[in-house]
Amino acid sequence: MPLNCLSLASRVPHILWGLKTTATARVGGGGGGVLFNFFNKTHQNNSLRIASLPLNKRNDSQRFCLSSSSSVMDGIKDSGFSTQEIEKYSKELDIAVRAVQMACSLCQKVQESLISKTYSQVQAKDDNSPVTVADWSVQATVSWILSETLGSRNVAIVAEEDVQTLSKPDSAGLLEAVVQTVNDCLAEAPRFGLKAPGTSLGSSEVLEAISRCNSTGGPNGRFWALDPVDGTLGFVRGDQYAVALALIEDGEVVLGVLGCPNYPMRKEWLSYHHRYHRIISKLTPPASESWDKGCVIYARRGSGEAWMQPLIQGHKKLVWPNSATPVRVSTIENPALATFCEPVEKANSSHSFTAGLAHSVGLRKQPLRVYSMVKYAAIARGDAEIFMKFARAGYKEKIWDHAAGVVIIQEAGGVVTDAGGCPLNFSKGMYLEGLDRGIIACAGVKLHEKIIKAVDASWNSSSL
């Protein structure tokens, strides 16, 4: 996504042209097509949310929303987006993409070390989920970059890791490994178009960068949501994982970046075990589309566009926009042809319920079980059509596990809501409070409606 985007003013003639010619403006052509799609999509999403309310709870304006087809100009007027608002996150997006590119490079090196068993720094959290050198190192690196480039007073971060484990007396070796990994990564900052620190960071500075990520979120102001290594279990197994960074302002996700270092260039490779990928990648020429090239996918709210760029490899420099290409969701509407994703682990998701749901709605393909927010990337890129997650009782979804993926799918043309058809609420702190049963992401409105109806029909008979 080029950072010097066209202004809204320059797109007005195209918008007017779209009004005169067709109500299905092509996305990816003129700027008018993009804006028309965005406002039309916003109206559809609002309609889905309102339709989920009981009739006696809909107010007059909501009933009107369902019974009328508002004009595009009304949509533009009501959206609240000015020219400045459309463009004001360009700097933040630039920095976020560069930071995630750096973080992915860091993760690739640590993952290779873990797989080759040259290091054993894998710890267990209180909930028995794993945490590695990469988790703390990415958090420290991204925190330092955001604070240095945007000003520490202007940066608040909600992130997954803390410094309790690293601060223990018996964790000196672990802390030393984190400090070394962070400094090795920051030394390469100029390769990513960022400024490196004047001198290496000490242990106290690295701990400070990690602990600086102590925001609790909420409905007001601006903060970043960071998951340094989403899908750590996949990471330690040499499989799929993601680096997820999102900017949230006044409770709304305004930009999202997903780094997917092991995302294969061909979606069918996701079905194979990661060890097979590694064998094949060693046998294929370096120029071929090997599984471990990786990519970064990103989007900014209101643009109507999502973009993907490859991870830079070796000692190459990041030259914006780094061969970025637009991504769009799939056009498949027939459930029999659709592919759906679900979490690999059963600990916080019910495979039996999603399997029954898939059967009832007519999904015939085997589920694509993938670690981390790579599932969101798969839908945004058109590699899958549906993501369903229904957590077991007592599990609370964290905002950093979804924020970046949600805005990317939405801007790529998809729909993400809870199982009641309501938008996910990122304004309640660290958790997605008020979530209705589960999360459903779809490539299109028609598929989404079918899944919502199937959930309602199946829920009472489930044991969730």
Side-chain angles (χ1 to χ4, degrees), residues 1 3 91-114 132-150 152 155 157 159-161 177-201 205-206 208-210 212-213 224-232 235 241-247 255-263 292-298 307-324 372-374 377 400 404:
M1 180 177 180
L3 293 189
K91 179 181 178 180
E92 289 84 352
L93 183 61
D94 181 310
I95 294 167
V97 171
R98 294 176 190 277
V100 169
Q101 281 268 4
M102 278 186 67
C104 288
S105 177
L106 182 160
C107 287
Q108 287 177 321
K109 294 173 183 176
V110 175
Q111 188 183 57
E112 191 62 41
S113 298
L114 287 171
T132 73
V133 167
D135 294 80
W136 288 299
S137 299
V138 168
Q139 186 160 315
T141 299
V142 173
S143 172
W144 190 88
I145 290 170
L146 292 179
S147 296
E148 288 295 312
T149 53
L150 298 174
S152 57
V155 173
I157 306 172
E160 185 167 16
E161 309 305 336
V178 170
V179 172
Q180 183 65 50
T181 303
V182 170
N183 281 312
D184 288 347
C185 182
L186 289 177
E188 293 193 331
R191 191 159 65 89
F192 298 88
L194 296 167
K195 185 178 179 181
T199 58
S200 296
L201 303 187
E205 292 169 300
V206 170
E208 180 186 355
I210 296 171
R212 193 182 299 140
C213 305
W224 296 85
L226 169 66
D227 194 337
V229 180
D230 182 47
T232 305
F235 176 77
Y241 66 98
V243 177
L245 182 62
L247 180 60
L255 66 85
V257 184
L258 277 180
C260 307
N262 287 345
Y263 197 129
D292 58 352
K293 277 190 173 179
C295 63
V296 173
I297 300 179
Y298 53 94
W307 294 80
M308 176 174 66
Q309 60 177 228
L311 289 184
I312 60 171
Q313 303 292 336
H315 298 286
K316 294 181 180 179
K317 292 185 177 181
L318 174 60
V319 179
W320 191 270
N322 193 28
S323 304
S372 80
M373 267 189 275
V374 168
W400 53 70

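Nothing fancy with the numbering, it's 1 onward along the sequence.
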Can you give me every donor-acceptor pair (side chain of residues 189-199, partner residue at least two apart or in another chain, under 3.5 Å) with its distance?
| unit_1 | atom_1 | unit_2 | atom_2 | d |
| --- | --- | --- | --- | --- |
| Arg191 | NH1 | Gly314 | O | 3.0 |
| Arg191 | NH1 | Lys316 | O | 2.9 |
| Arg191 | NH2 | Glu188 | OE1 | 3.0 |

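- At least one side-chain heavy atom of Cys107 sits less than 4.5 Å from a side-chain heavy atom of Val138.
- One distance of note links CE of Met308 with CG of Leu258; it measures 12.5 Å at 0.5 Å rounding.
- Across every non-hydrogen atom of Cys260 and Val374, the tightest pair is SG-CG2, 4.1 Å.
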*Would Gln180 and Asp184 satisfy side-chain hydrogen bond (donor to acceptor under 3.5 Å, both in side chains), going step by step from the backbone distance to the final call?*
CA-CA 6 Å; Gln180 183 65 50; Asp184 288 347; 2.8 Å; yes
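- Checking Leu247, Val155, Leu226 one by one against Leu146, the side chain to side chain contact (heavy atoms under 4.5 Å, CB included) holds for a single residue, Val155.
- Side-chain contact between Gln101 and Ile312 is present, with heavy atoms from C-beta onward closer than 4.5 Å.
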*Applying side chain to side chain contact (heavy atoms under 4.5 Å, CB included), run through Phe235 and Val110 and close with a yes or a no.*
CA-CA 9 Å; Phe235 176 77; Val110 175; 3.9 Å; yes
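- Rounding to the nearest 0.5 Å gives a distance of 9.5 Å between OG of Ser372 and OH of Tyr241.
- The two residues Ala134 and Leu106 make their nearest non-hydrogen contact at CA-CD2, 4.2 Å.
- Taken to the nearest 0.5 Å, the CG atom of Asp230 stands 4.5 Å off from the CE atom of Met373.
- A donor-acceptor distance shorter than 3.5 angstrom exists from the side chain of Thr232 to the backbone of Val229, with no hydrogens or angles considered.
- The shortest side-chain heavy-atom distance between Trp224 and Leu150 falls under the 4.5 Å cut-off.
- Rounded to the nearest 0.5 Å, atoms CD (Gln309) and OG (Ser323) are 8.5 Å apart.
- Under the 30°/60° scheme for interplanar angles, the aromatic rings of Tyr298 and Trp320 are found to be tilted.
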*Run the side chain to side chain contact (heavy atoms under 4.5 Å, CB included) check on Thr181 and Lys109 step by step: do they pass?*
CA-CA 9 Å; Thr181 303; Lys109 294 173 183 176; over 6 Å; no
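- Counting heavy atoms from C-beta on, the side chains of Val142 and Ile145 never come closer than 4.5 Å.
- Note that CD of Gln139 is 9.0 Å distant from CG of Asp227, once rounded to the nearest 0.5 Å.
- Summarising the geometry of Cys213 relative to Ser143, their closest heavy-atom pair is SG-CB, 3.8 Å, with the distance given to 0.1 Å.
- Nearest approach of Val243 to Pro228, heavy atoms of both residues: CG2-O, 3.4 Å.
- Judged purely by distance below 3.5 Å, without hydrogens or angles, the side chains of Gln108 and Asn262 never pair a donor atom with an acceptor atom.
- When side chains are defined from C-beta on, Pro261 counts as touching Leu311, because their heavy atoms get closer than 4.5 Å.
- Counting only heavy atoms from C-beta outward, the side chains of Trp400 and Leu245 never approach each other to under 4.5 Å.
- Atom CH2 in Trp136 sits 11.0 Å away from atom CD in Glu160 (nearest 0.5 Å).
- Side-chain contact check for Arg212 and Ser152: no donor-acceptor pair (N or O, by modelled atom type) lies under 3.5 Å.
- Using a 4.5 Å heavy-atom cutoff, the side chains of Thr141 and Leu186 are in contact.
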